[in-house]
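The next block holds one structure in the form of structure tokens; read it before the comments.
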Amino acid sequence: MKSLFNSDAFAEIENRLENLVADTPRAWGKMDAAQMLHHCQGPLNIMLGINHYGMKPNWLAKVFFKKSLYNDKPWSKNLPTAKALRVKEDKNFDAEKTVLKELMSQLNAQREKATWDPHPGFGYFTNEQWGQMQYKHLDHHLRQFGL
């Protein structure tokens with residue numbers, strides 16, 4: 001499984017993001033490109049300890065969904081989004097893209113960090129699992145826009 005902590009995978013995501021423009025059509029889902037960029041900041045903010053969005057531990061999610069966050073199987077289209085990370089309001093594409101790239105850089109600068117705070121909903125992840133989960137989430141949404 002690719003990881004956002006791997007230099008090649010990080011560069012791949014950056015390159016795919018560069019090909020995203022404000023009017024790139026989505027293949028599925030409800031968010032436009034700017035909303036998707038804002039949404040993708042959420043898991044990075046959680047990992048970096050910037051915002052936990054009021055999430056609480058969820059034993060059902062831990063038992064039935066946690067492993068799917070970092071395994072090799074791509075996520076299905078139209079998966080439900082955690083309520084705290086839903087984006088319905090209009091967003092500024094350029095600003096959201098800049099913030100997302102900055103968060104990715106902050107995270108990448110800490111790629112050697114041995115331990116991270118637990119996820120508020122899913123609990124502890126290893127460094128490897130965190131990197132895989134972040135790659136998988138970004139990959140999912142870039143595929144949503146054909147990238």
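Taking Pro120 as the reference, Ile46, His52, Met55 meet the side chain to side chain contact (heavy atoms under 4.5 Å, CB included) condition, with sequence neighbours excluded. With sequence neighbours excluded, the residues forming a side chain to side chain contact (heavy atoms under 4.5 Å, CB included) with Leu79 are Trp75, Ser76, listed by chain and number.
When the shell of 6.0 Å around NZ of Lys113 is examined, it contains more than 12 heavy atoms from other residues, nucleotides or ligands. Atom CZ of Phe65 has more than 12 heavy atoms from other residues, nucleotides or ligands within 6.0 Å. Residue-environment remark: CD (Gln106) exceeds the threshold of 12 foreign heavy atoms within 6.0 Å. Other residues, nucleotides and ligands contribute more than 12 heavy atoms inside 6.0 Å of the CG atom of Asn71.
With hydrogens and angles ignored, the 3.5 Å screen pairs no side-chain donor or acceptor of Asn108 with any backbone N or O of Met104. Between the side chain of Asn127 and the backbone N or O of Thr115 there is no donor-acceptor pair closer than 3.5 Å. Proximity of a side-chain donor or acceptor of Lys91 to a complementary backbone N or O of His39 within less than 3.5 Å is not detected. Put simply, the side chain of Gln134 gets close to the backbone of Pro43: a donor and an acceptor are under 3.5 Å apart. Side-chain atoms of Arg143 do not come within 3.5 Å of backbone N or O of Gly146 as any donor-acceptor pair. Using a distance-only test at 3.5 Å, with no hydrogens or angles considered, no donor-acceptor pair links the side chain of Arg111 to the main chain of Asn6.
Rounding to the nearest 0.5 angstrom, the gap separating the NZ atom in Lys136 from the OG atom in Ser68 is 5.5 Å. Distance CZ/Phe122 to CG/Leu69: 4.5 Å, rounded to 0.5 Å. We find the CG-CG distance between Asp94 and Leu37 to be 9.5 Å, quoted to the nearest 0.5 Å. Residue Asn92 holds its CG atom at 12.0 Å from NE2 of His38, rounded to the nearest 0.5 Å.
In this structure, Ala9 and Lys2 approach most closely via the heavy-atom pair CB-CB, 4.1 Å. Across all non-hydrogen atoms, the minimal contact from Gln35 to Met31 is OE1-CA, 3.3 Å. For the residue pair Leu20 and Phe145, the shortest heavy atom distance occurs at CD1-CB, 3.9 Å. Between Phe93 and Ala33 the shortest heavy-atom distance is CE1-CB, 3.9 Å.
Counting only heavy atoms from C-beta outward, the side chains of Thr81 and Val87 never approach each other to under 4.5 Å. Contact annotation: the side chain of Gln110 approaches that of Trp116 to within less than 4.5 Å [non-hydrogen atoms, C-beta and beyond]. Inter-residue side-chain proximity for Glu14 and Lys101 is flagged as unmet; no heavy-atom pair is nearer than 4.5 Å. Side-chain contact between Cys40 and His137 is present, with heavy atoms from C-beta onward closer than 4.5 Å. Taking 4.5 Å as the limit, every side-chain heavy atom of Asn45 sits out of range of all side-chain heavy atoms of Met47. A 4.5 Å side-chain heavy-atom check between Lys66 and Phe125 finds at least one atom pair inside the cut-off.
Listed by first and then second residue, the ring pair (Phe, Tyr, Trp, His ring centres under 6.0 Å) pairs involving residues 7-29 are Trp28-His140 (not counting sequence neighbours).
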Does the side-chain contact (heavy atoms from CB on, under 4.5 Å) test come out yes or no for Asn19 and Thr24, once each step is laid out?
-> CA-CA 9 Å; Asn19 291 317; Thr24 302; over 6 Å; no
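Under the 4.5 Å side-chain heavy-atom criterion for grouping Ile, Leu, Val, Met, Phe, Trp and Tyr, Tyr70 is not connected to Tyr124 through any hydrophobic cluster.
Under 4.0 Å is where a charged nitrogen must lie from a carboxylate oxygen, and between Lys97 and Glu102 no such pair does. The existence of a salt bridge linking Asp139 and Arg16 is confirmed by a sub-4.0 Å separation between a basic side-chain nitrogen and an acidic carboxylate oxygen.
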